[in-house]
Amino acid sequence: MDVLARHNVTVHGPSDGRPLLFAHGFGCDQNMWRYVTPAFTDEYRVVLFDHVGAGPVDPAAYDVERHATLQGYAQDVVEICDALDLHDVVLVGHSVSAMIGVLAQAARPDRIGALVLVGPSPRYIDDDDYVGGFSEADIFELLGSLESNYLGWSSAIAPVIMGNDDRPELGQELTASFCRTDPDIAKRFARVTFLSDNRADLADVSVPTLVLQCRDDVIAPIEVGRYVHETIPGSVLTVLDATGHCPNLSAPEETAAAIADFLRSVPARS
Amino acid sequence: MSGPPTSRRDLVPPVSEDDAEELYQNAPCGYLSVTPTGTIVNVNDTFLRWTGWERDDLVGRRRFAELLSPGGRLYHETHYMPLLQMQGQVREIALEVMVPDGSRLPVLVNAVLERDEVEAARVIRIVVFDATERRAYERELLRAKERAEDSERRARSLARTLQRTLLPPSTPSIPGLEFAAAFRPAGEGAEVGGDFYDAFQVAADDWVVVLGDVCGKGVEAAIVTALARHTIRAVVVGMHAPSQALSALNEVLLRQDGYRYCTLAMARLQRRPDGTWHATLGSGGHPAPLLSHPGEDAVPVGGVGPLVGVLDAVEFVDREIDLRTGDVLTLFTDGVTEARRNRELYGEDRLRRCIQRHSESAAAVVDAVLADVVAFQGDNLRDDVAIVSLRLLPT
């Protein structure tokens with residue numbers, strides 16, 4: 001399947017603008033960015049996509065083996081960059097996509113020129129001195145709550161999810177599929193998201209990096225944000241006044257302003 | 001305008017002035033109001049009664065997410081809040097509220113996000129329903145679904161195992177002949193089919209190749225398939241002609257319980273001392289095998305004959321042929337010729353042409369026919385397909 005169709009890739013803004021690639025996290029889809037992207041479409045080439053298994057993307061694109069690790073998702077990101085021939089990309093990754101961005105950057109430093117990590121966590125489960133915020137039992141409980149919340153998910157919904165060929169703006173039909181995923185894929189994605197340990201990968205980051213941390217985030221606590229900032233050489237840490245794990249939805253202006261500040265400070269490669 | 005009290009009015013129960021407040025506090029569901037950042041600003045008595053929390057522990061002090069189990073908190077952040085912020089409401093979210101005594105209350109939650117006139121988030125109103133019994137029931141449903149999926153997996157694996165026992169474990173090797181065979185079950189192979197083939201040695205330079213189709217599918221058909229296969233193996237030892245073996249099988253099938261019959265094509269292949277091969281063909285209601293030779297048309301050899309296991313005292317006939325070097329004899333089930341694409345039948349003509357094109361080797365014939373039949377039906381076989389092909393090698 002065509003990479004751009006596989007990921008429901010949408011491109012906005014001037015074609016000669018610096019590419020700004022937004023990657024959504026676990027749970028929902030590219031619409032997570034809809035309040036943030038308008039701040040950038042005048043100046044930047046804004047690229048949005050859905051991870052396989054999210055949004056209106058055909059669940060058949062999900063590959064059990066490839067997507068059993070975050071590397072597989074990073075490979076998807078690289079393929080999107082290749083397909084659009086993007087250079088000097090600023091990759092904005094939310095939640096698990098922050099780590100997917102880290103892996104993609106390490107794989108293709110020629111394509112990815114800067115990283116914005118929103119609510120990143122290299123490991124959710126506590127480990128000796130490292131505080132991730134969760135125990136292994138907590139994560140398995142999440143898998144259980146996914147199961148009970150998808151109880152009402154029936155095969156009747158699947159055609160709605162797959163049927164958005166003409167990619168409408170966020171209308172009724174898209175809101176109906178927002179945050180809805182095939183339960184089996186959601187469970188697998190949750191597993192790879194919350195059981196991964198990417199602490200060792202942070203040192204591989206070789207480009208200017210902004211860590212955007214919410215003041216109060218139960219999923220990625222501030223200690224974790226600091227850890228990421230301290231481990232990535234030369235990174236910048238900005239603590240947002242926003243609370244929760246999704247500042248892109250709860251505080252889009254503040255989030256966009258912090259990203260814009262950072263973009264001004266990282267000159268494009270010549 | 002107010003009129004005098006009527007007697008009718010006396011029937012209306014007294015409405016106290018604090019009714020709305022009382023409804024809020026004692027409604028048959030929990031109510032919470034929280035700020036857009038999640039801090040609880042109001043909670044009703046029902047919620048406190050159900051959970052055992054004190055109002056002072058919650059109002060202004062805790063966020064709603066903090067009351068949830070850890071898994072629920074993750075769900076709250078990754079699904080509930082994004083949905084609420086994007087759609088303004090969420091419905092029937094299954095969560096668990098942590099209760100001060102350490103236990104958990106399974107709940108179903110509906111919430112709406114109220115915005116002010118400039119679209120800024122103002123307050124989130126939450127309704128909480130006790131879902132203890134429903135959750136227990138749902139868990140039963142989930143377990144039942146898992147059990148059903150498990151047993152389907154087991155049934156499929158059993159069908160595959162059973163199917164394997166009905167076919168030779170490996171391709172038989174017959175000196176002087178090239179032997180090739182293929183079997184593909186109908187659909188996804190969830191059910192054991194009725195097609196089978198076999199090839200075995202009776203004596204020196206004396207072989208039997210058989211291919212058959214038992215009516216029906218499933219375990220019942222598999223039992224008859226096994227019976228037919230083993231009966232043929234047992235009886236041919238003392239009987240030279242396929243027609244005799246088919247008669248014996250006919251009696252065996254008539255005596256078994258149930259009404260399963262089968263069709264069967266059989267070839268007894270014998271090499272003479274001078275190295276030439278002779279074949280005796282018998283058929284019980286089965287499509288006649290096709291004989292082909294590079295550069296020549298494929299032709300049916302042998303008759304169809306009566307079905308096996310339907311009527312008493314039927315006569316089977318034998319057909320004798322001499323095989324030349326390079327001859328290819330192909331046996332097949334009706335899953336090949338009766339394959340359909342919409343109203344179009346695969347048919348014997350198409351099969352003959354396919355065999356002719358590939359008669360340089362038995363393996364090529366079997367591979368080509370299987371691929372052609374599968375492609376003809378768009379990858380979804382309606383019936384089992386079995387094909388056996390033999391080619392006489394140069395001496």
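Throughout, protein chains are lettered first and strands after them, A, B, ... in sequence-line order, and every chain is numbered starting at 1.
- Side-chain contact check for E77(B) versus F26(A): every heavy-atom pair is 4.5 Å or farther apart.
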For this session: Carefully, step by step, assess T37(B) and D216(A) under the rule side chain to side chain contact (heavy atoms under 4.5 Å, CB included).
Result: CA-CA 10 Å; T37(B) 55; D216(A) 198 347; over 6 Å; no

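- Applying the 6.0 Å contact sphere to CD of E136(A) captures no more than 12 heavy atoms from other residues, nucleotides or ligands.
- Heavy atoms of Y124(A) lying under 4.5 Å from chain B are absent altogether.
- Residues L74(B) and F134(A) are in side-chain contact: their nearest non-hydrogen atoms beyond the backbone lie under 4.5 Å apart.
- Counting non-hydrogen atoms of neighbouring residues, nucleotides and ligands closer than 6.0 angstrom, the OH atom of Y137(B) reaches no more than 12 such neighbours.
- Counted within 6.0 Å of CD on E133(B), heavy atoms from surrounding residues, nucleotides or ligands total 12 or fewer; the atom is thus considered open.
- For T243(A), the part lying near chain B is the side chain, with the backbone staying farther off; criterion is any non-hydrogen pair under 4.5 Å.
- Atom CD of E54(B) has 12 or fewer heavy atoms from other residues, nucleotides or ligands within 6.0 Å.
- Of the two parts of F140(A), neither the backbone nor the side chain holds a non-hydrogen atom closer than 4.5 Å to a non-hydrogen atom of chain B.
- From H245(A), atom NE2 reaches atom CE of M81(B) across 12.5 Å, with rounding to the nearest 0.5 Å.
- Using a 4.0 Å cut-off between charged side-chain N and carboxylate O, R104(B) and E141(A) make a salt bridge.
- Taking every heavy atom of both residues into account, P82(B) and M32(A) meet most closely at CB-SD, 3.9 Å.
- Here the CG atom belonging to D29(A) is positioned 7.0 Å from the CE atom belonging to M86(B), to the nearest 0.5 angstrom.
- The environment of R156(B) atom CZ is dense: over 12 non-hydrogen atoms of other residues, nucleotides or ligands sit within 6.0 angstrom.
- For R49(B), the CZ atom counts as densely surrounded, since its 6.0 Å shell holds more than 12 non-hydrogen atoms of other residues, nucleotides or ligands.
- With a 4.5 Å cut-off on non-hydrogen atoms, R63(B) touches chain A through its side chain but not through its backbone.
- In the displayed structure, R61(B) atom CZ is contacted under 6.0 Å by at most 12 heavy atoms of other residues, nucleotides or ligands.
- In this structure, the side chains of T78(B) and T193(A) stay at 4.5 Å or more apart for every pair of heavy atoms.
- Contacts between E92(B) and chain A at a heavy-atom distance below 4.5 Å involve the backbone alone (N, CA, C, O).
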